[in-house]
Amino acid sequence: MSKGALREKGLSHDEIISELEGHKANDLKWRGGSAFSYVYHAGEDVERVGKEAYMMYLSENGLDPTVFKSLLEFDTAVVEIGLRHLNAPEGAVGNFTSGGTESIICAVKAARNYARKVRGIAEPNIVIPVTAHAAFHKAAHYLDMECRVAPVDTTTFKADVDAMAELTDANTALLVGSAASYAHGVIDPIAELGQLALDRGVLLHVDGCIGGWLLPYFKRLGGTVEDFDFSVPGVTSISMDYHKYAYCPKGASVVLYRDAALRHHQIFSCADWSGYTVVNAVVQSSRTGGPMAAAYAVLNYVGDEGYLELARKLKTETEIVIDGVESIDGLHIMGEPRMSLLAIGIDPGGPSPFEVADLMTELGWHVQPQLSMGDYPANIHLTIAPQNVGRMEDFIDDLADAYDRAEEAHSKKKGPGFNPAAAMLNNLDISSIDANAISELLKMVGVNGSEMPEKMGPIHTLLDSMPTDARNHVLTAYFNALYTS
Ligand SMILES: *Cc1c(COP(=O)(O)O)cnc(C)c1O
């Protein structure tokens, strides 16, 4: 039998299920609360409700909401909950999608088609702050639109409204602001962006993928939360993920519009082929009913009081981290985070955040390094979720430890550390870099084929030393090799 071929006789149920259990061995261990990001876990009971509801509707198909009426009901119900949560006016609408990326693609597509059909713009562009999620670049890439990137303030990391105004022209379809931004957890000046959008006659999307659900709870708990939802004049659409801080199984987000006339431009219909008539509100066509049913179930299971209680714990735990970080000499919190997303910065002259991150890995934690970009320094990102609650005092102790060790090693080094890969890169013309050069570079920092190295620091340091187009080039080649078939 050749490698990779389908086995001739199928395995038994028990055999394949236990084999699958085995495959989990090398995955990120998130249940103990030592890992940040990726998983938003509100407890075993919430997880069970989500899983059961998901399995009940696993086989149903969201392809045609006129056939599976249950799915249309779930879609409508979770959109309605989202609209009320975000103070949408009468007549506002929305759709359930598979995640933030799909919600954003839908919003950008609606804006593009609105600009073309209603405003007669042949080549509409979007204007985003540099802190806007990569999904906007992806949407512009897929939809073949120009994506204009404005700088943000280098101390607050909030969108610079003047810089965005400067990039806005007669071909601009959409402005974007985040509430909150993933990297630093800050809220962009949405009210001012709304005013700019109204002045220029363009649309404004608020990316509430990660903050849309949680921020109103933080506000109710006394947190500072600037207005960001439909109550702000000029905001025309919002994306909000239920699979983040609403703790629904993955594959759950909504894209919301101030009115149905705008959402009209999101919908795709095709009567121009010989098969069944295709009408898709979102990007996906055939899709499992699982995520919709699960989102409906989890939202109704946890309820408003439950979410408020979960938010209270998260808020307290986040404050422990903020105070803890500020108490460590040499570290600081970047900007003024409004929710449970933090970027930990290293004071000038200190060690590399990538080394601190590697030392934290040694101590059993999993943090998320963020690369530098021009004037915005590299840092360590934390997305704090309920499974981390109760662990953050230990985290701060270990962070202080890791920082001290990194600082000690750093101060012993004479001059900047020598990175052979970065040195090689300096002598390379990025535009001529080929697959061979990339594989050589990756070998220098410990990446061999698709195997991951023990330390990620050297890789991050290498990437950090490259211009962004070279980073994209190397990362694309790396993924092309990672998926070995
Ligand atoms: C997570 C996130 C997205 C993308 O969402 P996915 O569900 O990963 O596709 C977009 N914007 C922000 C601010 C996010 O945090």
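Both counts, for ligands and for their atoms, begin at 1 and track the order of listing. Note that the coordinates shown come from a computational prediction; the quantities given were computed from them, not determined experimentally.
In this view, T156 and D153 satisfy the side-chain hydrogen bond (donor to acceptor under 3.5 Å, both in side chains) rule, not counting sequence neighbours. Scanning for salt bridge (charged side-chain N to carboxylate O under 4.0 Å, His left out) contacts around R112 gives an empty result, with sequence neighbours left out. Take S98 and apply the side-chain hydrogen bond (donor to acceptor under 3.5 Å, both in side chains) test, not counting sequence neighbours, and it matches E102.
Between Y296 and Y57, the gap from one ring centroid to the other reaches at least 6.0 Å.
Contact residues of ligand 1 (protein heavy atom closer than 4.0 angstrom to a ligand atom; sorted by chain and number): G99, G100, T101, I104, H133, A180, Y182, D207, C209, I210, D241, H243, K244.
In the model, S372 has a side-chain atom that pairs as donor or acceptor with a side-chain atom of D464 under 3.5 Å. Y376 and T131 form no side-chain donor-acceptor contact under 3.5 Å, judged by distance and modelled atom types alone.
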